[in-house]
Amino acid sequence: MNITVKEELRVYIDPLTPDEHDALERSILSEGCRDALVLWGDVLVDGHNRYGICTKHGIPFQTVQNTRFKSMDDVHLWMIDQHLGRRSVSDFQRGVLALRKKEILAARQATPAAAGADASAAPSDAAPAPWEGELDPAIAAAVAAMPPVEPLSTREAIAKAARISSTTVSQIEKIQKAAAPELVEAVKAGVISINAAAAVASLPVEEQVAAVAGGKKELQQAAKQVRESKSRAKAPAAPVDEAVDESPEQELVRLQLLVAELQQENATLKARLAALGEG
């Protein structure tokens, strides 16, 4: 069977780490390829790593057609939903995927006609293909089913789809917008947390790159400095009379005036108490 691998789809989801790929290869060599590859016509949609390993070692595999795809956007949405449901995907990856989904749905809502505009990209032989080997129909139905698409119009909805907090979504948006590529890779690798990376992303790009080059401790220190700087900026300004340095003579005069003022207030209160006693 002819299978076409599109680079666009192969790299659409972050690739496995070398350790994850090695573990998958050992599993397939030991147990065979248990999960069917998902196709759209002859285009491979899901199972790029399994396909590569099976092809390399001559291991048989099964395929299933997803007949509900009408456009490349449908393919992207399905891929996103599949990975959002996997436990092995990091919080950062889930946030990025949910934001991609938001963009696709927002574009569709803005121009409804565009939802099917790229249908011409569908493979010419997109009709369902027969199974290679035997596969439980229930599994086939689960693989082919495309989950209902819900709009992600708010940050809270995005957070729910990604199973992270709305604050984390905001931090990921900041990283995507301002972080240097080196800092993004550090987040993906787990060298720095999303929270800390969002703080470091507010620095000039060259400072971000230098912090990444310095390693985990340097990144943590950079994040700490950014947070402390923001805290100082938010602190209320000191009163003018406290902000100005006084000479000893000026301080003495100020204190004498304060004592005189307090003595006057004390005398006034005594006079009022005396008047109340006489009444």
Side-chain angles (χ1 to χ4, degrees), residues 7-17 72-86 88-111 114-115 118 149-235:
E7 186 68 9
E8 170 197 352
L9 297 180
R10 190 184 70 81
V11 301
Y12 193 70
I13 305 295
D14 284 341
L16 298 178
T17 64
M72 191 58 74
D73 274 352
D74 288 342
V75 173
H76 289 159
L77 288 170
W78 185 87
M79 293 176 72
I80 288 171
D81 285 336
Q82 292 300 302
H83 282 77
L84 284 176
R86 293 176 180 172
S88 60
V89 179
S90 70
D91 286 354
F92 181 76
Q93 289 173 317
R94 284 201 301 271
V96 169
L97 290 172
L99 288 168
R100 284 184 188 174
K101 181 175 181 179
K102 172 199 172 186
E103 291 174 359
I104 294 172
L105 297 179
R108 282 188 168 182
Q109 188 174 16
T111 53
D118 60 344
V149 179
E150 298 180 359
L152 301 180
S153 55
T154 65
R155 187 166 287 154
E156 288 70 24
I158 298 169
K160 182 178 179 181
R163 304 200 309 278
I164 56 179
S165 69
S166 56
T167 299
T168 301
V169 172
S170 177
Q171 291 167 345
I172 292 174
E173 287 178 312
K174 182 175 182 179
I175 292 169
Q176 287 188 308
K177 182 179 180 180
E182 293 84 351
L183 180 58
V184 174
E185 290 303 315
V187 181
K188 291 180 179 179
V191 177
I192 184 173
S193 68
I194 296 172
N195 187 314
V200 176
S202 64
L203 295 171
V205 172
E206 59 272 14
E207 293 185 30
Q208 296 180 39
V209 174
V212 173
K216 186 173 184 178
K217 287 186 177 180
E218 186 69 23
L219 282 166
Q220 291 174 337
Q221 183 62 27
K224 180 180 179 182
Q225 290 174 349
V226 170
R227 294 186 185 114
E228 290 177 347
S229 176
K230 289 183 177 180
S231 295
R232 288 194 296 269
K234 292 180 180 179

Peer 1: Looking at Asp74 and Arg108, is any side-chain nitrogen of the basic one under 4.0 Å from a carboxylate oxygen of the acidic one?
Peer 2: yes
Peer 1: Check Leu152 against Lys102 and note the closest heavy-atom contact, atom names and distance.
Peer 2: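 Heavy atoms of Leu152 and Lys102 come nearest at O-CG, 3.4 Å.
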Peer 1: Apply the test side chain to side chain contact (heavy atoms under 4.5 Å, CB included) to residues Val187 and Ile194: give CA-CA distance (whole Å), side-chain angles for both, the deciding distance (0.1 Å), then the verdict.
Peer 2: CA-CA 6 Å; Val187 181; Ile194 296 172; 4.2 Å; yes
Peer 1: Is there a side-chain contact between Val169 and Glu156 (heavy atoms, below 4.5 Å)?
Peer 2: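 Not touching, per the 4.5 Å side-chain cut-off.
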Peer 1: Rounded to the nearest 0.5 Å, what separation is found between the NZ atom of Lys230 and the OG atom of Ser202?
Peer 2: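 If we round to the nearest 0.5 Å, Lys230:NZ and Ser202:OG are 4.5 Å apart.
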Peer 1: Short question: side chain of Gln93, backbone of Ser90 - any donor-acceptor pair under 3.5 Å?
Peer 2: yes
Peer 1: Quick one, Ser153 and Gln109 - any side-chain contact, counting heavy atoms below 4.5 Å?
Peer 2: no
Peer 1: Rounded to the nearest 0.5 Å, how far apart are CD of Glu173 and CZ of Arg155?
Peer 2: 4.5 Å
Peer 1: Side chains of Val200 and Ile192, heavy atoms from C-beta outward: is any pair under 4.5 Å?
Peer 2: yes
Peer 1: In sequence, state the C-alpha distance, the side-chain angles, and the governing distance for Phe92 and Ile164, and then conclude on side chain to side chain contact (heavy atoms under 4.5 Å, CB included).
Peer 2: CA-CA 9 Å; Phe92 181 76; Ile164 56 179; over 6 Å; no
Peer 1: Hey, is the main chain of Ala180 close enough, under 3.5 Å, to the side chain of Gln208 for a donor-acceptor pair?
Peer 2: yes
Peer 1: Walk me through whether Ile104 and Ile80 qualify under side chain to side chain contact (heavy atoms under 4.5 Å, CB included).
Peer 2: CA-CA 11 Å; Ile104 294 172; Ile80 288 171; 4.2 Å; yes
Peer 1: Quick one: closest heavy-atom pair of Ala222 and Ala211, and the distance?
Peer 2: CB-CB, 4.2 Å
Peer 1: Side chains of His76 and Glu8: do they bring a donor and an acceptor to under 3.5 Å?
Peer 2: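 Present: a donor and an acceptor within the cut-off.
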Peer 1: Counting distance only, does the side-chain N/O of Arg227 pair as donor-acceptor with the main-chain N or O of Ala199 below 3.5 Å?
Peer 2: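 No; judged by distance alone, with no hydrogens or angles, the pair does not exist.
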Peer 1: Working to the nearest 0.5 Å, report the span between CZ of Arg100 and CG of Leu105.
Peer 2: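 Output value for this atom pair is 14.0 Å.
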Peer 1: Can you name the nearest heavy-atom pair linking Val184 to Ala179, along with the distance?
Peer 2: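 Distance-wise, the nearest heavy atoms are CG2-CB, 3.9 Å.
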Peer 1: Are any of the side-chain nitrogens in Lys188 or Glu185 under 4.0 Å away from the carboxylate oxygens of its partner?
Peer 2: yes
Peer 1: Under the side-chain hydrogen bond (donor to acceptor under 3.5 Å, both in side chains) rule, what do Thr168 and Ser165 come out as? Steps first, then yes or no, please.
Peer 2: CA-CA 5 Å; Thr168 301; Ser165 69; 2.8 Å; yes
Peer 1: Begin with the C-alpha distance, continue with both residues' side-chain angles, and end with the deciding distance and a verdict on side chain to side chain contact (heavy atoms under 4.5 Å, CB included) for Leu183 and Leu219.
Peer 2: CA-CA 9 Å; Leu183 180 58; Leu219 282 166; 4.1 Å; yes
Peer 1: Looking at every heavy atom in both Arg94 and Ala162, which two are closest together, and how far apart are they?
Peer 2: NE-O, 2.7 Å
Peer 1: Rounded to the nearest 0.5 Å, how far does CD of Gln225 lie from CG of Leu203?
Peer 2: 8.5 Å
Peer 1: Taking only Lys NZ, Arg NE, NH1 and NH2, and the carboxylate oxygens of Asp or Glu, determine whether Asp91 and Arg163 approach each other closer than 4.0 Å.
Peer 2: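 No, no charged N to carboxylate O under 4.0 Å.
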Peer 1: For residues Met79 and Ile13, determine if any side-chain heavy atom of one lies less than 4.5 Å from a side-chain heavy atom of the other.
Peer 2: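 Contact flag for Met79/Ile13 side chains = yes.
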Peer 1: Using only atom types and a distance under 3.5 Å, with no angle test, would you say the side chain of Gln171 pairs donor to acceptor with the backbone of Ala196?
Peer 2: no
